[in-house]
Amino acid sequence: MHADPVAFVALALAVILATAKLGGHLAQRIGQPTVLGELLVGIVLGNLGLAGIGWLEPVKTDATVDALARLGVIILLFEVGLESTVREMLHVGGRSLVVGVLGVVVPWLLGWAVGAVLLPGHSVYVHLFLGAILTATSVGITARVFRDLGRSQSPEARIILGAAVIDDVLGLVILAVVAGLITAADAGTSLSVGAIGIMLGKAALFLIAALWLGVWISPRLFGATARLRGESVLLSTALVSCFLLSWIAAEIGLAAIVGAYAAGLILEPAHYRDFTDKGEHPLEDLIRPIASFLVPVFFVVIGMRVDLAAFARADVVGLAAVLTLAGVVGKQVCGLGALGTQLDALSIGIGMIPRGEVGLIFANLGLSLSVQGEPVIDAGLYSAVVIMVMLTTLVTPPALKWSLGRGARRKT
């Protein structure tokens, strides 16, 4: 009698979801974001082999669990996109534009420099990707701090949240360009200005076309499907849009998450008003149960891929320390966007620091890329990046609380 192949996946998911919720609960109890707890329990599960418990080792390479984790990151980026709109992107203002651009360009250059200095034996593509990882910003953590302190409507909060939209788009474009160049190089294509221009143009064209056409098509699509009978038509239509744009992005050489983000960005509540007028829940509420299932799987699985044995290596710890320093300094430059105003430049810079889930998404993509047999992100580098993500995520809430308190005391 053959064992049911689904049985192992079912058990793995039971363990992953149970520990993810426990880790998230404990993280929130000490004032930290849920994602940090999910990542930590993943690290624990993935390193039980060091204690002689090895039955979870196959989960790290199981194709079904990996596919669910990849779907989780697509849903996550779709959900993040739903929190903003194209209209908001066009009205964030000059200050947010400056902050967002600085928050991408400077960390990318610093990450590239760190790779070139500390990893001279690795290819230039590794250095490029390392810079791309440092461009990430997880503004959700910052938004949570502003909300908890009752400062969500402060000028600094509006600047940071507006800049985050630009930061997300630019970071995803850079990620798409760098990943495309790495894929081309692995196939034997040399790095050239023309190749960079083609990839950048492809990414920009996709985003512009997806956003422009999406704003025009989306209300008509949802208006047409609102006439269909049956359950969950709104949710199904939204998921079709998400998965279709993810597939198109992947087919033209971009990361699938770029398409998922664009799909969320073009959807506005007004587009599916016919559904909500009939009593259906808003799309964000419909997506949340799916995200609560798949997104923790992604974070726990990437945590499981962290090798704690690598933390004993001085080079990994040293690289993590320098990456963290570069990550903090790179985002502090964002405060330059507040020059000449009464805005708190330090709070703006601190608010842009956390990499959170976005940095982990970028690093996880690097695990699947290689150049002539050399992995772009190997075990040691991945562990260093995870340390950097954890430190920037941990330091932001208390630092931002202190900074905002300092600013308030200075005004009194």
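Quick note: residue numbers are just sequence positions, from 1. Nothing here was measured: the structure is a model prediction, and the numbers come from that model. Just the heavy atoms: all of them, side chains too, but no hydrogens, waters or symmetry mates, feed the values below.
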S.K.: What closest approach, in Å, do A345 and G335 show between heavy atoms, and which atom pair accounts for it?
M.R.: CB-O, 3.4 Å
S.K.: What is the distance from atom CZ of F78 to atom OG of S246, rounded to the nearest 0.5 Å?
M.R.: 9.0 Å
S.K.: Measuring from atom CG of L36 to atom CD of Q28, what distance do you get when rounded to the nearest 0.5 angstrom?
M.R.: 11.0 Å
S.K.: Just how far is it from atom CE of M352 to atom OG of S347, taken to the nearest 0.5 Å?
M.R.: 13.5 Å
S.K.: State whether the side chain of S292 and the backbone N or O of P289 hold a donor-acceptor pair below 3.5 Å, judged by distance alone.
M.R.: yes
S.K.: Any side-chain heavy atom of I350 within less than 4.5 Å of one from L346?
M.R.: yes
S.K.: Which residue in the set I377, I174, V371 passes side chain to side chain contact (heavy atoms under 4.5 Å, CB included) when paired with F129?
M.R.: I377
S.K.: Please list all pairs passing the salt bridge (charged side-chain N to carboxylate O under 4.0 Å, His left out) test where one or both residues lie in residues 286-298, with sequence neighbours left out.
M.R.: D285-R288
S.K.: Between T396 (side chain) and T392 (backbone), is there a donor-acceptor pair under 3.5 Å?
M.R.: yes
S.K.: In Å and rounded to the nearest 0.5 Å, what is the CD1 to CG distance from I348 to L102?
M.R.: 11.0 Å
S.K.: Not counting sequence neighbours, list each pair that qualifies as a salt bridge (charged side-chain N to carboxylate O under 4.0 Å, His left out) and has a residue in residues 24-50.
M.R.: none
S.K.: So do L381 and L130 actually touch side chain to side chain, heavy atoms under 4.5 Å?
M.R.: yes
S.K.: Could you go step by step and tell me if V9 and V59 meet the side-chain contact (heavy atoms from CB on, under 4.5 Å) rule?
M.R.: CA-CA 8 Å; V9 174; V59 175; over 6 Å; no
S.K.: Please find the pair of heavy atoms, one from T225 and one from V233, that lie closest to each other, and give the distance.
M.R.: O-CG1, 3.3 Å
S.K.: I'd like to know if the side chain of R305 reaches the main chain of T61, judged simply by a donor and an acceptor atom lying under 3.5 Å from each other, with no hydrogens or angles considered.
M.R.: no
S.K.: Please test T137 against V104 for side-chain contact (heavy atoms from CB on, under 4.5 Å), starting from the C-alpha separation and ending with a verdict.
M.R.: CA-CA 9 Å; T137 297; V104 168; over 6 Å; no
S.K.: Surrounding CZ of R70 (heavy atoms of other residues, nucleotides or ligands, distance under 6.0 Å), is the total greater than 12?
M.R.: no
S.K.: Check D378 against H122 and note the closest heavy-atom contact, atom names and distance.
M.R.: OD2-NE2, 3.6 Å
S.K.: If the test is side chain to side chain contact (heavy atoms under 4.5 Å, CB included), which one of L76, V41, N364 qualifies with F299?
M.R.: L76
S.K.: Can F298 and L68 be said to form a side-chain contact (heavy atoms from CB on, under 4.5 Å), step by step?
M.R.: CA-CA 7 Å; F298 170 72; L68 290 172; over 6 Å; no
S.K.: Distance-only, no hydrogens or angles: does the N47 side chain make a donor-acceptor pair with backbone N or O of V306 under 3.5 Å?
M.R.: yes
S.K.: Just to verify, which of L134, V328, V329 counts as forming a side chain to side chain contact (heavy atoms under 4.5 Å, CB included) with P107?
M.R.: L134
S.K.: So do the side chains of V301 and I16 get within less than 4.5 Å of each other, counting heavy atoms only?
M.R.: yes
S.K.: Any side-chain heavy atom of L118 sitting closer than 4.5 Å to one from L323?
M.R.: no
S.K.: Specify the closest pair of heavy atoms between A260 and C242, including all atoms of both residues, with the distance to one decimal.
M.R.: CB-SG, 4.1 Å
S.K.: So, do W55 and L48 sit near enough that their side-chain heavy atoms are less than 4.5 Å apart?
M.R.: no
S.K.: Determine yes or no for a side-chain-to-main-chain donor-acceptor pair under 3.5 angstrom, with Y261 supplying the side chain and A256 the backbone.
M.R.: no
S.K.: Taking everything shown except W212 itself, do over 12 heavy atoms lie less than 6.0 Å from its CH2?
M.R.: no
S.K.: Looking only at heavy atoms, which two atoms of L400 and G351 are closest? And how far apart?
M.R.: CD1-N, 4.3 Å
S.K.: What are the two closest heavy atoms between G259 and A249, and how far apart are they?
M.R.: N-CB, 3.7 Å
S.K.: Measuring from L71:CG to F293:CZ, what's the distance to the nearest 0.5 Å?
M.R.: 9.0 Å
S.K.: Going from CG on L221 to CD1 on I266, what distance comes out if it is rounded to the nearest 0.5 angstrom?
M.R.: 9.0 Å
S.K.: With side-chain contact (heavy atoms from CB on, under 4.5 Å) as the test, would you mind laying out the steps for L239 and I287 before giving the verdict?
M.R.: CA-CA 9 Å; L239 290 176; I287 289 291; 4.0 Å; yes
S.K.: Contact between V297 and L13 at the side-chain level, heavy atoms closer than 4.5 Å - yes or no?
M.R.: yes
S.K.: Counting distance only, does the side-chain N/O of W108 pair as donor-acceptor with the main-chain N or O of L128 below 3.5 Å?
M.R.: yes
S.K.: Heavy atoms, side chains only, cut-off 4.5 Å: are E79 and E284 in contact?
M.R.: no
S.K.: Could you check whether any side-chain N or O of K331 sits under 3.5 Å from a backbone N or O of G103, counting only pairs where one atom can act as donor and the other as acceptor?
M.R.: yes
S.K.: Do L283 and F275 touch side chain to side chain, with heavy atoms closer than 4.5 Å?
M.R.: no
